[in-house]
Amino acid sequence: MTPGDAGPGFGWLAGRSSEIAPRLLGLFVVCGDRAGRIVEVEAYEGADDPASHAYRGPTPRNGVMFGPHGHLYVYRSYGMHWCANVVCGPTGEASAVLLRAVEPVAGIEAMWADRPRARRSSDLGSGPGKLCAALGIDGSHNGADLLDPLSPVRLARPPAGGAPGRAVVAGPRIGISRAVERPWRYALAGNAHVSRPRPWSLT
DNA sequence: TTTCCGATGTACT
DNA sequence: GTACATCGGAAAA
């Protein structure tokens, strides 16, 4: 395996999203020629999480959430934005991690071109909808295998000796009205590319 | 700076 | 008909 490839060793990706979510921070999401470093995520469980799309069982939209771990669940939000999740529950049990923010790493010129209204670099990926627009993720990527090096969208480890590990902060999930007390939003402390700087209730 | 609000596809009451 | 895992422009402060 060469640096930048997912390769083997992602077995830990199968399990409860609330435990896996913080471990995704720092990894790269690669889509075509573009890449971003994951700096903010949220965990969504299944039947036990009223805020999850999977709470009421499988539908045509959320079907990928019930499939094998390591795949990408993409859905349309508020009728106009795309949002992307990393599926981590075993087949039959929905559990996924919403990608909320990335720090641009590669293909940055293309990101600016696709999002002409962005003023600062931190406007490119600081939100689940913006993140998909910047990386070029859309509904055609729903179900993509993130662990397959040939996939159009995949996870990758940061280059060896790259960004040093940083503290993780946690807080309530954003934009939901149910199960708001669960501190399942995770981010790299102090990162300028997070969608919202606060609130953080735990570390 | 913060607050308010419209756009609009999918799922559910 | 209503809610929603959002975003960005306009108005208010």
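Note that these values count all heavy atoms, side chains included, but never hydrogens, waters or copies made by symmetry. This is a predicted model, so every value here is computed, not measured. Letters A, B, ... are given to chains in the order of the sequence lines, protein chains preceding strands, and every chain is numbered from 1.
Contacts of A/Arg173 with the nucleic acid, taken as non-hydrogen atoms under 4.0 Å apart, are absent.
Residues passing the side-chain hydrogen bond (donor to acceptor under 3.5 Å, both in side chains) test with A/Ser122: none are found, sequence neighbours excluded. Residues satisfying the side-chain hydrogen bond (donor to acceptor under 3.5 Å, both in side chains) test with A/Ser126, not counting sequence neighbours, are A/Lys130. In this view, A/Glu42 and A/Tyr44 satisfy the side-chain hydrogen bond (donor to acceptor under 3.5 Å, both in side chains) rule, not counting sequence neighbours. Judged as a side-chain hydrogen bond (donor to acceptor under 3.5 Å, both in side chains), and not counting sequence neighbours, the contacts of A/Asp114 are A/Arg34. Every side chain to side chain contact (heavy atoms under 4.5 Å, CB included) that A/Arg61 has, sequence neighbours left out, goes to A/His53, A/Thr59, A/Tyr73, A/Tyr75.
No more than 12 heavy atoms of other residues, nucleotides or ligands shown are found within 6.0 angstrom of CZ on A/Arg196.
Taken residue by residue, residues 84-94 of chain A places heavy atoms nearer than 4.0 Å to DNA chain C at A/Asn85. Within residues 45-59 of chain A, the residues approaching DNA chain C are A/Ala51, A/His53, by heavy-atom distance under 4.0 Å.
Identified under the ring-ring contact (aromatic ring centres under 6.0 Å, His included) test for residues 80-139 of chain A, with sequence neighbours left out: none.
Comparing B/dT13 with C/dA5, their P atoms sit 14 Å apart, to the nearest whole Å.
Checked by atom type and distance alone, the side chain of A/Asn62 pairs as donor or acceptor with a backbone atom of A/Gly57 at under 3.5 Å. For A/Asp33 (side chain) and A/Gly107 (main-chain N/O), no donor-acceptor pair under 3.5 Å exists by modelled atom type. Using modelled atom types, one side-chain atom of A/Asp123 and one backbone atom of A/Arg120 make a donor-acceptor pair closer than 3.5 Å.
Here chain A contacts DNA chain B (any atom closer than 4.0 Å to a heavy atom, that is under 4.0 Å), and the contacts span B/dA7 to B/dT13 from 5' to 3'.
Annotated stems with DNA chain B as a participant read B:1-7 with C:6-12, B:9-12 with C:1-4, given as range with range, by first number; only runs of 3 or more Watson-Crick or G-U pairs under 3.5 Å qualify.
Between A/Ala94 and A/Ala54, the closest heavy-atom pair is CB-CB, 3.2 Å.
Expressed to the nearest 0.5 Å, how far CD of A/Glu103 lies from CZ of A/Phe28 amounts to 8.5 Å. To the nearest 0.5 Å, the span separating CG on A/Leu146 from NE2 on A/His71 amounts to 8.0 Å.
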Reading nucleotides 6-13 of chain C from 5' to 3' and marking B where a protein heavy atom lies under 4.0 Å of the base, S where only the sugar-phosphate is that close, and - otherwise, the string is BSSS----

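Between the CZ atom of A/Arg61 and the P atom of C/dA3 there is a distance of 16 Å, rounded to whole Å.
Taking the six-membered ring for Trp and the full ring otherwise, A/Trp12 and A/Phe10 have centroids separated by under 6.0 Å.
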Under 3.5 Å, which donor-acceptor pairs do the side chains of residues 168-182 of chain A form with other protein atoms, sequence neighbours left out?
| residue | atom | partner | partner atom | Å |
| --- | --- | --- | --- | --- |
| A/Arg173 | NH1 | A/Ala43 | O | 2.9 |
| A/Arg173 | NH1 | A/Asp49 | OD2 | 2.8 |
| A/Arg173 | NH2 | A/Asp49 | OD1 | 3.1 |
| A/Arg173 | NH2 | A/Ala179 | O | 3.4 |
| A/Arg182 | NH1 | A/Asp48 | O | 3.0 |
| A/Arg182 | NH2 | A/Asp48 | O | 2.9 |

